[in-house]
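Just so it is clear, the model here is predicted, and its values are computed rather than measured. Throughout, protein chains are lettered first and strands after them, A, B, ... in sequence-line order, and every chain is numbered starting at 1.
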Amino acid sequence: MNYAAYQLVSICILTISVVGLSLVVNMCGRLSLCQGGLFGVGAFTAALALTRSHVGFLPAVAAAGMMSGGLALVLGTWLVRLKKEQFLLASLAVQAVLFTGLYNTIDLTGGPSGISGIPRPEVPRWFVAPELGGSGLGSSWISSETSTQFLLVAVPMCLLSIGLVVQVRRSPFGRVLAAVRDDELAASALGRNPMTPRLAAFALSGVLAGFAGALFASFHTYIDATSFGIEESIFLVSIVALGAPAGIAGQIAAVAIVVLLMEVLKLAVPQSTHVAHVREVAFGLCLIVVAIVRTGGPERRRSRA
Amino acid sequence: MVSRGIGVKRMEQYLVNGLCWGATYAIVALGFSIAANAGRTLHLAHGAVFAATGIISCQLHNAYSWPMPVTLVGSVVAGAVLSTLVDLWVYSPIRRRVSTQTAPETLLVGAIGADAVLRGLMGASWGSESRSLGWGGGVLLEVGSAAMSLPQVCQVAAFLLTAAAAAVALRTSAGRSLRALADDPQLLSVLGYNVRLLRTTAMAASGALAGGAGFLAASDWGVDPHSGLEAVLIAAVITTACGARWVVGPMVGAILLGQLHAWMGAMLPSKWAPLLVYSILLVLLMLRPGGLFVVSSRPDSP
Amino acid sequence: MLEPSSMTVDQVSLDISGVRVVSNVSVVFPAGVVTGIIGPNGAGKTSLFNVISGLAPASHGEVRLGNLRLTGQPPFQIARLGVARLFQTPHFFATLTALANVQLACLRGESESWATSLLWPLVGSRAESVAREEATRHLSQLGLAKSGDMLASDLSFGQQKLLSFAGILGVRPRCLLLDEPTAGLSRDAADRVLGLSRSLAREGCAVVLIEHNRNAVSRFCDTVVEMERGRLVGSRVISAATPDSRAGSECSSHTGGSA
């Protein structure tokens, strides 16, 4: 039961990052390779808030969202002006900067040793042990030590994130994003500033990456910078690319499939050090296959020849 | 990433170290520029090819005891082969399947994938630690009060040779058709040129250059699977700064960047030096929104 | 529509890669008048349009709409000030329906911010339905009533061009730049477009059209200016009475760089 709950939590955390990234990749039409770094910034912000400042879980999550979102906003004011290829390069550079920064500011992030002892959020006692009820035995909130208990936090956050992105896509804001993506010139000709909606989308994707990072830090109770490198960004991009033809639902399904496949991978590959490498090859191949097989879905511009 | 010249830090030594570092990355940048122009896309996997050839050089020499010159040849060949495979298995299938208008994004996705595959394979086969070819560590040449090791001399020599060869090659008919490929591949194919062959040849050439640079890097400061990322970013800095002109730009830019890198390395702890390069790239991209390629289309057309 | 204004091009030059593609052009496109621009290919006509819309930076000179200075402003800002453009190759949003394309033109961007999107559809749906009605009307005016629910990318080239024009009706411009509007259209469709442009002019819009079709020019334009090699080389008023207006009154002739 706890094993399934563990997988479900992983799915929730990953989904938040992925739907956030889909705002940039699918709605803005820009490939971004810095989502892993922003995810890391969120994770460390939450970790520091929880371990050093001893704030509650929700304030830590908010701080993480604001930090990653704020960073995305600042970087975005530059990045959104770039054309596709340069945006990709710039996002790669941003990822490299973020990773190097996270890895080397040892005072804050612990460098290779990371931060450990990150507390779990507190959940209502009645959820954990209903028979104890409100009998007055100690506090009515206890730490969510098991994965099942953590689900109480992870699932609502995941659903909220999905809801947010779906709402954005369906709204007039989503429509102007699609318009700017399809034909920036035409959108400009209709008086729409192409930069503003893109910046908002990019910042929002940063906020979601921050939320995911906070959940990740709290769930694993230990984080270090090596989890937030280029491999993580590529991993996220490949899930977005895999699921994109089927929309958000497809991307969520892709997350679930990928998480399960990774479990299978862990059983198949005996050496744990090799798992990361095999994962990288696997997702690289996914990206290649997706790129070759893509015949053009609703989000692709069609040739007018 | 500290160059293995003599440890006494003097001004001339920084100049020399920067020169050699820049020389190696100039070769990488030239390869990147050729691939990017021939394919009209960011060949992101170029860095991974560079790193792979560096590691392969170490395998050939350290594990299989190949002599140094043969290892160099092996590295160059490996680079050409790897680049060609990426073109044959990733870029060409994408070009065949997808229309030219949607191709740019899809090629980028493919490039990211190829880069990931290469890096994963490197890690899975040979692990993540940095490796280097142990040779020529002593002082070979004294330039003023600076010292150059044999690998460093080779770096500068390779740079000069490559620059000369590239300058000559550009003037041949092959070189001209490569330039035409960068400008308008469709027109070229209509004129009867085998565009696919030209492109693949250009990719092979870019890989060969990466192979040479990989060997040089492995000889001096060592490579690991992640070296490719830094390499492609450095190449991108150079080509963005100097435009994607074939020879002069990337080569000069690399030398200048090498100086900056060496001086920054002297003033900052070495772990922060890469940050400088990445930041320069970001700044450059802001200043030069025109990008890598000569954009010949009008502002009002798609 | 905002109040009528004329479009003034004042000694504008444009250099591209060292070539002077527009050379010291000064011309006024008055409100309520349809001005045609004719000239050989490469004369700089479209480049002049690019300068006016803000897509190309003028190397010299100024463009004004009424008293408002347009040069130096970003293209979207110029569009907001009332300058609309029909491009040679139609520009539209491929993943939206034809109706949504025009609806976007009818809206002014209200309720399109990210913050409002969180409250949608509680906020802004009324503006949406008003815009939808208007868009439907415009589509009928262009004969596209039946294609409203089709994806814009599935329309034919001619239909896409008509779609762009429907969008222009939605924008209600003060100045309209038409770049070869009749190219690729059937005679009926071309007449429809030009007829609608005429009615926009009657409402005070300054209409400028680049055309190779001399018949269209003589039938629909009040004034014609001619460009050659980046320069304005002639202008004449077309008498409305006779279609055979080449023998008609010569108003003034500009040559070379004289103001």
Practice item. Sort I78(C) into side chain, backbone, both or neither according to what part of it lies under 4.5 angstrom from a heavy atom of chain A. Key: neither
Exercise for review: Taking side chain to side chain donor-acceptor pair (under 3.5 Å) as the test, write out the residues that go with E232(A), two or more places apart.
Suggested key: none
Practice item. Spell out the residues in residues 97-109 of chain C that have some non-hydrogen atom less than 4.5 Å away from a non-hydrogen atom of chain A, in order of number; otherwise answer 'none'. Key: Q103(C), L104(C), A105(C), L107(C), R108(C), G109(C)
Practice item. Scan residues 61-78 of chain C for pairs that pass salt bridge (charged side-chain N to carboxylate O under 4.0 Å, His left out), counting only residues two or more places apart or in two chains. Key: D10(C)-R64(C), E62(C)-R64(C), E62(C)-R69(C)
Check your understanding: Relative to chain A, which segment of Q77(C) carries a heavy atom at a distance below 4.5 Å: side chain, backbone, both, or neither?
Key -> neither
Sequence neighbours left out, cut at 3.5 Å: what donor-acceptor pairs do the side chains of residues 196-210 of chain A make with other protein atoms?
residue : atom : partner : partner atom : Å
T196(A) : OG1  : N193(A) : ND2          : 3.3
R198(A) : NH1  : V80(A)  : O            : 3.0
R198(A) : NH2  : E184(A) : OE1          : 2.6
S205(A) : OG   : F202(A) : O            : 2.8

Practice item. Please determine if E203(C) and R172(C) form a salt bridge, counting it only when a charged side-chain N lies under 4.0 Å from a carboxylate O. Key: no
Exercise for review: Please look at S53(C) and chain A and tell me whether the side chain, the backbone, both or neither of the residue comes under 4.5 angstrom of a heavy atom of that chain.
Suggested key: neither
Check your understanding: Checking side-chain hydrogen bond (donor to acceptor under 3.5 Å, both in side chains) for the pair T95(C)/R181(A): CA distance, chi angles, key distance, verdict?
Key -> CA-CA 10 Å; T95(C) 61; R181(A) 174 200 67 208; 3.1 Å; yes
Review point. Within a reach of under 6.0 Å around CE of M7(C), are more than 12 heavy atoms found that belong to other residues, nucleotides or ligands?
Key: yes
Check your understanding: Which pair of non-hydrogen atoms, one from S164(C) and one from L86(C), has the smallest distance, and what is that distance?
Key -> CB-CD1, 3.5 Å
